[in-house]
Amino acid sequence: MAGPGDVLPRTFYAGDVELVAEHLLQKVVVHEAVGRPACAGRIIEVEVYKGSEDPASHAFGGRTARNATMFGPPGHLYVYFTYGMHFCANVVCGTEGEARAVLLRALRPMTGVPVMWAARRAARTERDLCSGPAKLCQSLGIDHRHDGADLVTGDRGVTIRDDGVRPPSPAGAGPRIGISAGTDLPWRRWVPGERYCSRPVP
DNA sequence: ACCGGGATGTTCT
DNA sequence: GAACATCCCGGTG
């Protein structure tokens, strides 16, 4: 295998979405695109979205063409387009039909950093590369073509791997960012002490 | 450091 | 027509 560590199995994603979110911290997102070096970053900040019962979730109100991937089986990438110019990536969790997902909010760049710089001209510091859900997609080259990608088989080059770094215990927890409903829920999770989070943490 | 406005287009009411 | 799981840039302190 080309990336660091072992690709996470399907069963990893099938559990309770809050636990999966905490266990995703310190795992490694790898994008191996044809014709360019692989790039990878360590997950340091995520958010939980709980499908039809969560007023902040795209799945609130039921299935549509856009959110269809969320309602599918776990271990796939749900990529959506927003604000006319940005892509954001979620990991589908739980069981098929629940529409639960974990939004990737920040990574610490690991490998292929020059590729990330080339993909994100606006970045001024290394922190700027992946310190936000749309920034990390731009740096890693993740877009609408990756919606529905299988993270276990790596059918579109994207996988998530365990290289032996343990998740924090306890993880940081606080309200989600950029939403107007469900702001009372502490469903943003991060690696305490990380400087590359999307926003300063409490 | 913090704040405000504009970019840009898909999705849903 | 409004909202949007965002980001960037230029202002001010």
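Here is how names work: the chains are called A, B, and so on, in the same order as the sequence lines, proteins then strands, and each is numbered from 1. As a basis for the values below, the full set of heavy atoms in this structure was taken, side chains included, without hydrogen atoms, waters or symmetry mates.
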task: Between protein and nucleotides 5-11 of chain B, map the contacts as a letter string: B base, S sugar-phosphate only, - none, heavy atoms under 4.0 Å, written 5' to 3'.
output: --BBBSS
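- At the heavy-atom level, A:Ile179 lies under 4.0 Å from the strands shown only through sugar-phosphate atoms.
- Stacking of A:Arg108 on the aromatic ring of A:Tyr196 is recorded, both the 6.0 Å distance cut-off and the 45° axial limit being met.
- Under a 4.0 Å N-O distance rule, the pair A:Arg176/A:Glu47 does not qualify as a salt bridge.
- Looking at A:Glu194 and A:Arg105, no side-chain N of the basic residue comes within less than 4.0 Å of a carboxylate O on the acidic one, giving no salt bridge.
- Side-chain contact between A:Pro73 and A:Thr95 is absent, with no heavy atoms from C-beta onward closer than 4.5 Å.
- At least one test fails for A:Arg100 against the ring of A:Phe71: distance under 6.0 Å to the centre or angle within 45° of the axis.
- Residue-level contact check: A:Arg199 touches neither bases nor backbone, having no heavy atom under 4.0 Å from any strand.
- Among the duplex regions that DNA chain B forms, those built from at least three successive Watson-Crick or G-U pairs under 3.5 Å are B:1-7 with C:6-12, B:9-12 with C:1-4, ordered by first number.
- Taking the six-membered ring where tryptophan is involved, the planes of A:Phe81 and A:Phe87 are tilted, since the angle between them lies from 30° to 60°.
- Here A:Ala56 lies in heavy-atom contact (under 4.0 Å) with a base.
- Using a 4.0 Å heavy-atom cutoff across all strands shown, A:Arg105 reaches sugar-phosphate atoms only and no base atom.
- When the P atom is used for both B:dG6 and C:dA2, the distance is 16 Å, rounded to whole Å.
- Taking a heavy-atom distance under 4.0 Å as the criterion, the stretch of DNA chain C touched by chain A extends 5' to 3' from C:dC4 to C:dC8.
- A:His86 places none of its side-chain heavy atoms less than 4.5 Å from the side chain of A:Lys135.
- Using bins of under 30°, 30° to 60° and over 60° for the plane-to-plane angle, the ring pair A:His23/A:Phe12 lands in the tilted bin.
- In this structure, A:Arg10 places its CZ atom where more than 12 heavy-atom neighbours from other residues, nucleotides or ligands lie under 6.0 Å away.
- Cation-pi contact between A:Arg120 and A:Trp117: absent, since separation from the ring centre below 6.0 Å together with deviation from the ring axis within 45° is not met.
- Aromatic ring centres of A:Tyr49 and A:His58: separated by at least 6.0 Å.
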